[in-house]
> 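Take a look at this one; I'll ask things after.
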Amino acid sequence: MNQTINGKTKVLGLIGNPVEHTLSPIIHNSLSKELGINCVYVPFHVPHGELDKAIAGGKSLNLQGLNVTVPYKVDVMDFLIEITPFAEQIGAVNTLKFTDNGYIGYNTDAEGLGMSLKKNEIELRNSDVVIIGAGGAAKAVAVLCAKEKVSSITIINRTLSKAEQLSDNIKKFYDLPINVIGYDQVNQLQEFDIAFQTTSIGMSPDIHKNPVEDEAFYKKFHSAVDLIYNPEKTLFLKKAETNGAKIVNGFEMLYYQGVRAFEIWNNLLIDEKILDKVFLQLLEYKKNK
Ligand code: ATR
């Protein structure tokens, strides 16, 4: 946050329910302080059934940018004047940018994951990837993978029909092989490159849970990405690491989705040195919380 809030301060924020535990204000207010931009980012708790009023109110109040979180990432799409093709393909929007006519919707969750993978030198292009789960988070992962030209996607899910739906949706926009399997077929998987864990299984407090029990699975890939960041190392990541894989949790994805939103709102690209500095501040904040 800037030292001084004055008449020219640009207001940004987060709409969701709940929003009380969000780290986004720390990300955005640290970035604006570091870059000397006169803006402030605040959380807005939006009651159920009042999303339309919140969006209209945001426009009337001249809120220049909004992030959108659970449970509104899909519903918010009804209230926008434009949605980027990438967000449209994912079917969810997490970032709104103000224009005189209304808000434009973006999806920086997937972009943030892409930035996190780059940072960790995990290459999607020509990789064979496995995605565990077929919910909203899996959708963002799958669209990113397809856009970045992976060689193939295999989706593992408890409910096969949901995985089939996700596969059909990707195939509407991209031409690549997509397989769908249940957890009972995991032992039939050949070697592949990257495993993405997108379910909530293993999240604190259920840290002893793990979606894939087959031990041989963890020997079949070189990189594992778990979208969970609490705990820092899920049982899934621990097993992958023990078997020699590079591991990445969801914390950088969270950070970089914020970074991308900030860049979109302020029409800029932030220098990597500043990004690394603010990331360290965020880690420090999280550690002391
Ligand atoms: P999100 O938007 O966070 O991805 P979601 O849309 O509710 O959340 O999706 C949750 C994912 O976790 C789904 O793939 C779900 O599997 P189903 O499609 O079969 O429901 C998966 N998941 C959640 N709890 C699970 C459990 N106990 N066992 C297996 N899969 C589970």
Side-chain angles (χ1 to χ4, degrees), residues 14-19 21-24 46 48 51 67-77 86-95 105-114 116 129-146 153-170 178-187 189 194-214 217-218 224-231 234-237 239-240 248-258:
L14 170 70
I15 54 176
N17 186 350
V19 291
H21 299 291
T22 178
L23 288 170
S24 289
V46 174
H48 291 289
L51 180 61
N67 279 137
V68 184
T69 190
V70 178
Y72 299 129
K73 288 187 188 188
V74 178
D75 292 352
V76 77
M77 296 173 83
F86 192 45
E88 194 84 63
Q89 288 165 15
I90 296 166
V93 156
N94 80 318
T95 297
Y106 299 77
N107 188 307
T108 71
D109 286 328
E111 284 188 70
L113 175 62
S116 160
V129 307
V130 166
I131 300 175
I132 301 161
K139 238 173 165 177
V141 174
V143 173
L144 175 76
C145 287
I153 298 177
T154 300
I155 305 167
I156 308 172
N157 202 42
R158 178 180 55 183
T159 314
L160 283 183
S161 59
K162 268 182 77 180
E164 296 283 3
Q165 254 178 38
L166 173 54
S167 164
D168 290 347
N169 186 57
I170 303 294
I178 306 180
N179 311 304
V180 165
I181 62 170
Y183 287 99
D184 55 342
Q185 292 163 285
V186 164
N187 60 355
L189 278 173
I194 312 166
F196 289 95
Q197 200 302 104
T198 75
T199 76
S200 53
I201 303 168
M203 193 185 283
S204 184
D206 294 324
I207 58 168
H208 300 297
K209 291 193 179 156
N210 187 11
V212 180
E213 276 162 15
D214 176 33
F217 172 79
Y218 296 91
V225 182
D226 197 322
L227 267 48
I228 295 172
Y229 58 84
N230 187 14
T234 55
L235 186 53
F236 178 81
L237 287 185
K239 287 192 182 221
V248 176
N249 71 18
F251 196 64
E252 274 170 302
M253 174 181 173
L254 168 79
Y255 176 58
Y256 286 110
Q257 65 72 32

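Hydrogens, waters and symmetry mates are skipped; everything else that's a heavy atom, side chains included, is used. One-based numbering, in listed order, for ligands and for the atoms of each.
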> Heavy atoms, side chains only, cut-off 4.5 Å: are Y183 and I132 in contact?
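Y183 reaches I132 side chain to side chain.
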> Can you list the residues that meet the ring pair (Phe, Tyr, Trp, His ring centres under 6.0 Å) rule with F236, with sequence neighbours excluded?
Y218
> Can you work out which protein residues put a heavy atom within less than 4.0 Å of ligand 1?
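Residues within 4.0 Å of ligand 1: G133, A134, G135, G136, A137, N157, R158, T159, K162, T199, I201.
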> Suppose we screen for side chain to side chain contact (heavy atoms under 4.5 Å, CB included). Which residues come up paired with A110, at least two apart in sequence or across chains?
F86, I90, N107, A140, L144
> Checking N249 now: which residues fulfil side-chain hydrogen bond (donor to acceptor under 3.5 Å, both in side chains) with it, not counting sequence neighbours?
none
> For residues I15 and L51, determine if any side-chain heavy atom of one lies less than 4.5 Å from a side-chain heavy atom of the other.
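I15 vs L51: side chains touch.
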> Go through it in stages, so that I can follow the logic: the residues are V141 and V225, the test is side-chain contact (heavy atoms from CB on, under 4.5 Å), and I'd like the CA-CA distance, side-chain angles, deciding distance and then a yes or no.
CA-CA 10 Å; V141 174; V225 182; over 6 Å; no
